[in-house]
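What you see below is based on every heavy atom in this structure, not just the backbone, and it leaves out hydrogens, waters and symmetry mates.
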Amino acid sequence: MYVAWLAVFAGQKAVFMLGNLCYGEGLAFGDWLAVVWHGLRLDSVTACYLMLLPFAVVAVSCFVKKFPLRKVLTPYYIVAALLVTVIFVGDVVLYRFWGAKMDANDLIYAQNPKDMLASVSVWACVGGAVVIGLLTWGLVWLLRRVTDKSLKGRGGWPSLLLVVVGGLLLLGVRGGTTESTANPSYAYFSSKPFLNHAALNPTFNMLHSLAKTENLAEQFQTFDEAGLARLTGDAYLSQGDISDTLLRTSRPNVLLLVWEGGGSEMVMNDSVGPNISRYAREGVYFSRCYANNFRTDRGLVSLLNGWPGLPTTSLMKKSDMGRKLPALARDMQAQGYHTSVVYGGDIDFTNMRGFFSETGFAEVRGSEAFPQSNKLSNWGAPDAYVLQPQEVPMREPFFSMVLTLSSHEPWDVPMSRLADAKQNAYAYTDSCVGAFVEALRKSPLWDSLLLIIVPDHGIPTGQYPSTADYHVSRIPMIWLGGAVEGPREVDVLMNQSDMAATLLAQMGMNAEDYIFSRNVLSATYQDRFALHAYKNGMNLIDEAGVTGLDCIDMKEIKNDTPPSAERLQRAKALLQLIYYKTGILK
């Protein structure tokens, strides 16, 4: 049965590509084979899911004298075959019009079948029904062929063997033994979106997205349209003009170094972070920058897509969001930049590989790019192996990103300088950042380089032990390199999501799609505030104080600044605006 499902899914990939060749011009035979090979992992996961019920039935049959296995399983085969076939046919047909995989978000159209079918001819409906019927019949026939008509109960050692097989089946459902559980990212391998989409199992993508689907546009609806406009006003208004020029060239090579959890409270001191503290004095230091969220998958969306963090969901985990959000890598690629990302850990974790590929990174490298001997920590290769100029693709002009990982629990690093394990891990990453920067400084790339060092989020410390504390979200953002006019300090209140619009403005590029990213060096940037989302909560930080909002009961949380009824109302309005805009992304 397992082999039969894999064969079916391989055949689906061939049909998908044949049915959508308009997206696959110039494909070589090797590309077709690569699609099947790289799709095999999720095909296996899907097959294991579909085999759970048959396995349970076989397990029961071990204790029955004579069990009519095929007869009992046939109704399930009909349901499973129909589900798989409908999803497959819909995916093939809709991809031709949308250029995107069908997922659970598209089921909203099924709520109005009359409108959905209004533009489809009767013969098209009849033809589709016939195709679905024939494919379903064929799949049921195949599944019945690989199923014994009956089984005789055996008990004893076959029952023990089923325990082993059941364990393997559950492992297959999980997707293996790596940190990441099965997600669409497993199928992404190419810089060509069509090949990634062809490799992605449509049944898995649909079922996976069901768990991630929610109507964001209807959440946190507190104010009517007039009230929302009054409270948010020009909150995200900033033009592309620049009152300060930070760059010596409008087309630098850009290298984004994202420091895992490098919050200011932890690293901006000469004990833990002597190098980052020195670079803050040497380069352009954005000293009042706040992270938008509290996790890597959310912080990366803020940095790369200029989108605020959401307190109840991760946009990176939603397989459809990569193509909907504005994206720095995609815009840089359109300007002729080579785009790449390097991470020493499992790049399939939280759907990172898929998200990076969808947002314009042509080259995506994870732990598989490093020798097994370098994977010395629970998370992968320590920062000393990753933060090497030769490990980062820098083919000019380039927009590249490298992510650190050593400053993460369990704080296991190959260095022992500080007694506190957490501080020692951050000190290790700081030493790796220092060596990396100095190596770049000696290279011919330095004169045209803009190196941006910025954390993905902050980290709780002894003084501020909760991710809900706004102090935790303060992070350093430092611009270095020969392309930078420095040193100087930019002390405007801002979010890490504002990096996108600020960078694009400095490069003379259009940032109008980044509706929640503000050019903080624009003369129109007057309404200065920052948002920090944590699990089921959000902080609004402005020049007058801070308001914490509990997103469960929508009440204010006590903090170290006086309460403000006006700021509380504005926090609710901004939360409503962000969720609404996210929910209606096309």
Side-chain angles (χ1 to χ4, degrees), residues 5 9 12-13 16 20 35 38-50 52 79-80 82-113 116 172-175 180-189 193-219 295 297-298 300-301 305 307 310 312-325 327 347-359 579 581-586:
W5 277 119
F9 294 145
Q12 286 184 347
K13 288 171 174 51
F16 177 89
N20 293 284
V35 163
H38 288 279
L40 188 60
R41 194 175 177 188
L42 281 185
D43 291 345
S44 175
V45 171
T46 310
C48 289
Y49 265 113
L50 292 168
L52 287 175
V79 173
L82 183 61
L83 174 70
V84 169
T85 300
V86 168
I87 293 173
F88 166 64
V89 172
D91 187 52
V92 172
V93 173
L94 292 177
Y95 193 91
R96 190 171 188 86
F97 298 100
W98 295 349
K101 297 288 284 185
M102 186 176 74
D103 59 30
N105 292 285
D106 304 318
L107 296 179
I108 190 172
Y109 300 111
Q111 296 175 6
N112 299 289
M116 182 176 66
V173 166
R174 187 185 184 279
S180 60
T181 53
N183 63 74
S185 183
Y186 280 16
Y188 281 68
F189 69 98
F194 176 66
L195 296 181
N196 295 328
H197 296 162
L200 179 55
N201 186 290
T203 303
F204 176 87
N205 189 54
M206 174 61 74
L207 298 179
H208 180 268
S209 64
L210 279 171
K212 308 295 180 184
T213 300
E214 50 189 325
N215 193 336
L216 297 175
E218 292 185 0
Q219 293 186 28
R295 294 289 298 271
D297 54 308
R298 297 150 191 240
L300 290 176
V301 172
N305 307 95
W307 209 262
L310 277 62
T312 63
T313 191
S314 168
L315 297 185
M316 180 175 282
K317 294 179 182 178
K318 296 178 178 294
S319 57
D320 62 322
M321 275 296 170
R323 61 185 171 85
K324 293 180 178 181
L325 291 168
I347 205 150
D348 291 314
F349 194 62
T350 65
N351 193 41
M352 277 201 290
R353 188 194 303 271
F355 189 84
F356 290 153
S357 298
E358 289 281 15
T359 52
Y579 269 79
K581 291 292 186 180
T582 305
I584 63 171
L585 280 173
K586 300 298 184 184

Just jot down the side-chain hydrogen bond (donor to acceptor under 3.5 Å, both in side chains) partners of Trp307, sequence neighbours excluded, or say none.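 Trp307 satisfies side-chain hydrogen bond (donor to acceptor under 3.5 Å, both in side chains) with Thr582 once adjacent residues are dropped.
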
Begin from the C-alpha positions of Tyr188 and Glu358 and carry the test side chain to side chain donor-acceptor pair (under 3.5 Å) through to its verdict. CA-CA 9 Å; Tyr188 281 68; Glu358 289 281 15; 2.8 Å; yes

Could you tell me if the side chain of [Y] sits less than 4.5 Å from the side chain of [X], heavy atoms only?
X      : Y      : result
Asn205 : Leu42  : no
Thr312 : Gln219 : yes
Asp43  : Lys13  : yes
Met321 : Thr359 : no
Met206 : Met102 : yes
Phe349 : Ser185 : no

If only atom types and distance count, is the side chain of [X] paired as donor or acceptor with the main-chain N or O of [Y] below 3.5 Å?
X      : Y      : value
Ser44  : Leu40  : no
Asn201 : Phe9   : no
Asn351 : Met316 : yes
Thr85  : Leu82  : no
Asp91  : Ile87  : no

Hey, does the Lys NZ or Arg CZ of Lys317 hover above the aromatic six-ring of Phe355, less than 6.0 Å from the centre and inside 45° of the axis?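 Output no; distance or angle outside limits.
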
Establish, for the pair Arg41 and Tyr186, whether the NZ or CZ atom is under 6.0 angstrom from the six-membered ring centre and no further than 45 degrees off its axis.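 Positive - Arg41 is close enough to the ring of Tyr186 and near enough to its axis.
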
Does Leu310 form a side chain to side chain contact (heavy atoms under 4.5 Å, CB included) with Leu216? I'd like the steps, not just the answer. CA-CA 10 Å; Leu310 277 62; Leu216 297 175; 4.2 Å; yes

For [X] versus [Y], what's the shortest heavy-atom pair and its separation?
X      : Y      : answer
Gly175 : Val45  : CA-CG2, 3.7 Å
Ala47  : Trp5   : CB-CB, 3.7 Å
Ser357 : Asn196 : CB-ND2, 4.0 Å

When rounded to the nearest 0.5 angstrom, what is the spacing between CG in Leu300 and CZ in Arg295?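 The CZ atom of Arg295 is 11.5 Å from CG of Leu300, to the nearest 0.5 Å.
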
Can you tell me how far the CG atom of Leu50 sits from the CG atom of Leu52, to the nearest 0.5 Å?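 If we round to the nearest 0.5 Å, Leu50:CG and Leu52:CG are 8.5 Å apart.
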
Would you call the rings of Phe16 and Phe194 parallel, tilted or perpendicular if under 30° counts as parallel and over 60° as perpendicular?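 Parallel.
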
Working note: His208 + Asn183, criterion side chain to side chain contact (heavy atoms under 4.5 Å, CB included); need CA distance, chi angles, decisive distance, verdict. CA-CA 7 Å; His208 180 268; Asn183 63 74; 3.9 Å; yes

For Thr203 and Tyr49, run side chain to side chain donor-acceptor pair (under 3.5 Å): C-alpha distance rounded to whole Å, both residues' side-chain angles, the deciding distance at 0.1 Å, then the answer. CA-CA 10 Å; Thr203 303; Tyr49 265 113; over 6 Å; no

State whether Asp320 and Lys101 are salt-bridged, where the test is any N-O pair (Lys NZ or Arg NE/NH1/NH2 against Asp/Glu carboxylate O) under 4.0 Å.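 Result for this pair is no, no salt bridge flagged.
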
Taking it one step at a time, do Asp297 and Lys318 satisfy salt bridge (charged side-chain N to carboxylate O under 4.0 Å, His left out)? CA-CA 11 Å; Asp297 54 308; Lys318 296 178 178 294; over 6 Å; no

